[in-house]
Student: 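Input: one structure, supplied below.
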Amino acid sequence: MSATKGTVVLAYSGGLDTSCILLWLIEQGYNVVAYMANIGQDEDFEAARKKALKIGASRVVIDDLRADFVANFIWPAVNAGLIYESRYLLGTSLARPCISKGLIRVAQEEKAQFISHGATGKGNDQVRFELSCYALWPKVKLERMNLLTTDIILQQDGAPPRYAWAVRTLLDEVFPNRWIGHAGTIAWPPWFSLLTYLDFVLWGFVKDRVFADKPRTDPELMKRIVHTILQMVTSDVLSKVHEEMVVAPWRIPSFIKRFQGRQDLLQYAASHGIPVPVTPKEPWSMDANLMHISYESGVLEDPSAPAPAGIFQMTVDPQRAPDKSCRLQINFKHDQEESRRLCRLLFDDKAGEDRQERRREFLICKLKGSLSFRIATR
């Protein structure tokens, strides 16, 4: 099918979900640019590139974000002692805004109208990706909804965060003297906080049809509104309105209806010749980066079942671990800027292979020294 819906930049991992989503987006009429972020995961990026191109991606971007991830996300988190519920180091959470930065940069370079991801509609990743993208490129949402014309007035809700200086400054730039809200340029009550952008965009759809022939009386106006909503606002219309700039397949009814679970994805991949790193016997997914690895789905969703043998990638199976204690001590001697500089040099791939390896060995030693990194086994 020829692309008719515009260009979408897909956060692509090469795994089951995003490989199937890549092909599904092409079937829906999108021109898909696959974006892969290198955040230290053990991945054959060249093989993933070839697979994405074979599936049908118009371009594959492999972005090395390791230095940025370490310097601007991992180290600040370690410095702050960031830990969730006394046990989780937020390895996946920290990586998402880092990936979003690269994703939005490529979307701007490609002049894309959409970004897409493979996060499920029930988890936190969809929020991490989408809020990061909206924060980094808020005007895309407005451009997608064609709200930049001079005859449009934006009415926002009265939630306290909307009063932030950064929000008001952006609104003054995008809607000069044409926005309603707390301290807005038009004296009018703010938008009711329970309404969402669905109401705002959908009302435009309804209004165009209600006022195609201007009603003469209030009862006639009400009758047309009710008739238009009941007869023309279908589930497909609601889905398209909700789509906005982010194409989230796991929240699109047609995608969910087609793919009820991972078994459907596996069958779809097999029928289209898409190789994936999972089989029906091992239907779990993994998310890895420099900081950690996490696992989900399949037998892992049963709290009464132990982790399957052989699943551990970055650690030793507790049953096979040596019966010795270990103490880890980190002392910060230099400031963050020095650590960031060392990290940037550490992942500089411009040097030759031998020289690069020697440089990395030297910088690792220096970085450890700057942090007084020490492991003592007792």
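These values consider heavy atoms only, across backbone and side chains, with no hydrogens, waters or symmetry-generated copies. Please read all numbers here as calculations on a predicted model, not as lab measurements.
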Student: Tell me, with the steps shown, if Cys20 and Leu16 meet side chain to side chain contact (heavy atoms under 4.5 Å, CB included).
Tutor: CA-CA 6 Å; Cys20 292; Leu16 175 63; 4.0 Å; yes

Student: Quick one: list whatever passes salt bridge (charged side-chain N to carboxylate O under 4.0 Å, His left out) with Glu43, sequence neighbours left out.
Tutor: none

Student: List the residues meeting ring pair (Phe, Tyr, Trp, His ring centres under 6.0 Å) with Phe73, not counting sequence neighbours, and say none if there are none.
Tutor: none

Student: Which pairs with one or both residues in residues 70-80 pass salt bridge (Lys or Arg N to Asp or Glu O under 4.0 Å), sequence neighbours excluded?
Tutor: none

Student: Just by modelled atom types, is the Val33 backbone N or O under 3.5 Å from a matching donor or acceptor in the Asn31 side chain?
Tutor: no

Student: According to side chain to side chain donor-acceptor pair (under 3.5 Å), who are the partners of Ser13, at least two apart in sequence or on a separate chain?
Tutor: Thr18

Student: Can you sort out the partners of Arg87 under side chain to side chain contact (heavy atoms under 4.5 Å, CB included), two or more places apart, ordered by chain and number?
Tutor: none

Student: Using only atom types and a distance under 3.5 Å, with no angle test, would you say the side chain of Thr7 pairs donor to acceptor with the backbone of Gln113?
Tutor: no

Student: Once salt bridge (charged side-chain N to carboxylate O under 4.0 Å, His left out) is applied, do any residues pair with Arg105, and if so which ones, sequence neighbours excluded?
Tutor: Asp63, Glu109

Student: Answer yes when Glu220 and Lys223 have at least one side-chain N-carboxylate O distance shorter than 4.0 Å, and no when they do not.
Tutor: no

Student: Quick one: which residue pairs count as a salt bridge (Lys or Arg N to Asp or Glu O under 4.0 Å) with a foot in residues 28-38, not counting sequence neighbours?
Tutor: none

Student: Among Tyr268, Tyr30, Phe255, find the one that has a ring-ring contact (aromatic ring centres under 6.0 Å, His included) with Trp24.
Tutor: Phe255

Student: Apply side chain to side chain contact (heavy atoms under 4.5 Å, CB included) to Leu89 and list each qualifying residue two or more places apart in sequence or on a separate chain.
Tutor: Ile83, Met291

Student: Inspect the surroundings of CD in Gln313 and state if more than 12 heavy atoms from other residues, nucleotides or ligands are less than 6.0 Å away.
Tutor: yes

Student: Residues in side chain to side chain contact (heavy atoms under 4.5 Å, CB included) with Ile311, at least two apart?
Tutor: Trp284, Tyr295, Leu300, Ala307, Pro308

Student: For residues Leu266 and Ile256: do they belong to one hydrophobic cluster (side chain heavy atoms under 4.5 Å, members Ile, Leu, Val, Met, Phe, Trp, Tyr)?
Tutor: no

Student: Tell me, please, which residues at least two apart from Asp302 pass side chain to side chain donor-acceptor pair (under 3.5 Å).
Tutor: Ser304

Student: I'd like to check the salt bridge (charged side-chain N to carboxylate O under 4.0 Å, His left out) partners of Asp287; sequence neighbours left out, ordered by chain and number.
Tutor: Arg96

Student: With sequence neighbours left out, write down each residue that passes side chain to side chain contact (heavy atoms under 4.5 Å, CB included) with Asp17, or none if nothing qualifies.
Tutor: Trp250, Arg262, Leu265

